[in-house]
J.: 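Take a look at the following structure, please.
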Amino acid sequence: MKKLLKDVAESSFYLVGMPLYRLVDGARGLRALRWPTERRKVRLVNSPRARAARAAERERIRTLVEAMGAVPGVEHVLTQVQDLSTRPSFHGLDHPRDTLLVCRIHARAFFVVREDVLDVLPRIAAAGLAEWRAVGQGPDPGGTLDHALRWYRDGGIGADGFRMDSPCLSSPGATLHWERPGLPPREPMPMTSYTSPLYVREQSPPDADPARLLREARADGRGVVLELVLGADWVGYCQYHRVARGGFLGRGRL
């Protein structure tokens, strides 16, 4: 009797479990089909639209870096660019339901000034490289030349007796930071040997050790290092292209 009950239970489990297993296995297969292969990802991020958007952002970066280096008293040291094409995150504004891949560029350029930074900052602002304006929600937000000069003049303490926001020059497309006593230096992105068509890292000068370049720029104790972070919409990157779902089984449209 016990054996009969056991056989019935096993048979019932088989009859119920196998269809369920096949359903789950099929769902997994369909899920795999929703995401493109590596070869298709490369095709998607190298479509004519993606290449045009990438070239436009690279040109914007090149133009800004060259213009900053042309300001009297400013010397270019290093530029680093990371171009990444990844799946969208499931937070923020990536819209994962209708987005398959996002292409972003993170770029940082370092410069050194051999003069008083308070003399050089007005030249940078006057060069019209970007629309420098205040950011933040506080009563005394940083981001402008006036704020930076007041920060130095008043020792970083506002008229209300509270500490002022850290000085910088900010725009929706770029933010300029510079080193000050008492703050740890901002270091370049580390070198990596990882290469992929979906992850491209470039540097100018190309074969130099970035950390050594900045050490040498600081070596005599007089050079103030500037860091220009190039992004968009007040963030440290530019999302220049989005691959929407569509095409074959939702694996992206070229």
Side-chain angles (χ1 to χ4, degrees), residues 45 49-71 74 76-96 99 101-113 120-121 124-125 127-138 141-145 147-148 165-180 183-192 196 198-204 210 213-214 224-243:
V45 302
R49 286 182 56 200
R51 290 200 304 268
R54 184 178 301 115
E57 179 60 13
R58 294 291 185 91
E59 179 63 18
R60 183 182 79 90
I61 292 170
R62 186 191 65 80
T63 300
L64 274 173
V65 171
E66 289 185 355
M68 178 69 73
V71 173
V74 178
H76 176 258
V77 177
L78 174 72
T79 299
Q80 294 182 313
V81 176
Q82 286 186 344
D83 192 331
L84 301 93
S85 299
T86 62
R87 289 171 56 177
S89 68
F90 287 86
H91 306 283
L93 303 178
D94 284 332
H95 306 298
T99 300
L101 293 169
V102 290
C103 300
R104 294 172 173 164
I105 285 183
H106 300 254
R108 301 164 69 187
F110 293 86
F111 306 83
V112 64
V113 299
V120 175
L121 289 178
I124 294 174
L129 310 180
E131 185 185 351
W132 308 116
R133 49 181 165 162
V135 295
Q137 304 300 317
T144 64
L145 174 64
H147 176 90
D165 292 338
S166 181
C168 64
L169 293 182
S170 294
S171 82
T175 302
L176 181 68
H177 306 274
W178 54 90
E179 295 180 355
R180 300 183 300 281
L183 293 179
R186 300 172 69 90
E187 297 299 338
M189 293 179 281
M191 298 290 289
T192 176
S196 165
L198 304 176
Y199 175 88
V200 178
R201 186 181 185 280
E202 296 178 355
Q203 178 179 286
S204 177
L213 283 179
L214 292 188
V224 174
V225 173
L226 313 177
E227 180 194 19
L228 184 66
V229 179
L230 298 124
D233 300 323
W234 308 104
V235 295
Y237 63 86
C238 174
Q239 181 172 305
Y240 62 86
H241 182 65
R242 180 180 74 89
V243 177

J.: Answer yes or no: is there a donor N or O on one side and an acceptor on the other, between the side chain of Arg54 and the main chain of Val45, under 3.5 Å?
T.: yes
J.: So, taking the atom named CG in Leu230 and the one named CG in Leu64, what distance separates them when rounded to the nearest 0.5 Å?
T.: 5.5 Å
J.: Mark yes or no for whether Thr99, through its side chain, and Leu101, through its backbone, hold a donor-acceptor pair below 3.5 Å.
T.: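 Not at all, since once roles are kept as given, no pair shorter than 3.5 Å links the two residues.
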J.: Side chain to side chain contact (heavy atoms under 4.5 Å, CB included) between Tyr237 and Val229: does it pass, once the steps are laid out?
T.: CA-CA 8 Å; Tyr237 63 86; Val229 179; over 6 Å; no
J.: Going by heavy atoms in the side chains, are Glu202 and Thr79 under 4.5 Å from each other?
T.: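 Not touching, per the 4.5 Å side-chain cut-off.
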J.: State the CE-CG distance between Met189 and Leu78, to the nearest 0.5 angstrom.
T.: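 The CE atom of Met189 sits 8.0 Å away from the CG atom of Leu78.
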J.: With a 4.5 Å cut-off on side-chain heavy atoms, are Arg180 and Pro167 touching?
T.: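 Yes, their side chains come closer than 4.5 Å.
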J.: Salt-bridge test for Glu179 and Arg186: reply yes if a basic N is under 4.0 Å from a carboxylate O, no otherwise.
T.: no
J.: Any heavy-atom pair between the side chains of Arg58 and Val81 that's under 4.5 Å?
T.: yes
J.: Supply the atom-to-atom distance Thr175 OG1 to Glu227 CD, rounded to the nearest 0.5 angstrom.
T.: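 Thr175 OG1 to Glu227 CD: 9.5 Å, rounded to 0.5 Å.
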J.: Do the non-hydrogen side-chain atoms of Val74 and Val120 ever get within less than 4.5 Å of each other?
T.: yes
J.: Any sub-3.5 Å donor-acceptor pair from Gln82's side-chain atoms to Arg201's backbone N or O?
T.: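 Not a single qualifying donor-acceptor pair exists.
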J.: Do the non-hydrogen side-chain atoms of Trp178 and Leu169 ever get within less than 4.5 Å of each other?
T.: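 Sidechains of Leu169 and Trp178: in contact.
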J.: Tell me yes or no: between the side chains of Thr86 and Arg104, is some donor less than 3.5 Å from an acceptor?
T.: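 There is no such pair between these side chains.
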J.: Could you grab the distance from atom CD of Gln203 to atom CD of Gln80, nearest 0.5 Å is fine?
T.: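 The distance works out to 5.0 Å.
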J.: I'd like to know if the side chain of Arg108 reaches the main chain of Glu187, judged simply by a donor and an acceptor atom lying under 3.5 Å from each other, with no hydrogens or angles considered.
T.: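 A pair under 3.5 Å: yes.
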J.: In plain terms, say whether Glu57 and Arg62 are close enough for a salt bridge, that is, a side-chain N and a carboxylate O under 4.0 Å apart.
T.: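 Between Arg62 and Glu57 there is no salt bridge, as every charged N stays at least 4.0 Å from the carboxylate O atoms.
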J.: So, for Pro141 and His147, which heavy atoms are closest and what is the spacing to 0.1 Å?
T.: O-ND1, 3.5 Å
J.: Please report the shortest heavy-atom distance between Leu214 and Val77, naming the atom on each side.
T.: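 Answer, listing the atom of Leu214 first, then Val77: CD2-CG1, 3.9 Å.
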J.: Closest approach of Trp132 and Ile124, non-hydrogen atoms and distance?
T.: NE1-O, 4.1 Å
J.: His106 and Gly236: which non-hydrogen atoms are nearest, and at how many Å?
T.: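 Minimum heavy-atom contact is ND1-O, 3.5 Å.
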J.: If you look at every heavy atom in Arg60 and Gly231, which pair is closest and at what distance?
T.: NH2-O, 2.8 Å
J.: Measure the SG-CD distance between Cys103 and Gln239 for me, rounded to the nearest 0.5 Å.
T.: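 These two atoms lie 8.5 Å from each other.
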J.: Looking at every non-hydrogen atom in both residues, tell me the closest pair between Ser170 and Trp234 and how far apart they are.
T.: CB-CZ3, 3.9 Å
J.: Any heavy-atom pair between the side chains of Val71 and Val113 that's under 4.5 Å?
T.: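 No, side chains not in contact.
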J.: Rounded to the nearest 0.5 Å, what's the gap from CZ on Phe110 to CG on Leu226? Could you check?
T.: 10.5 Å
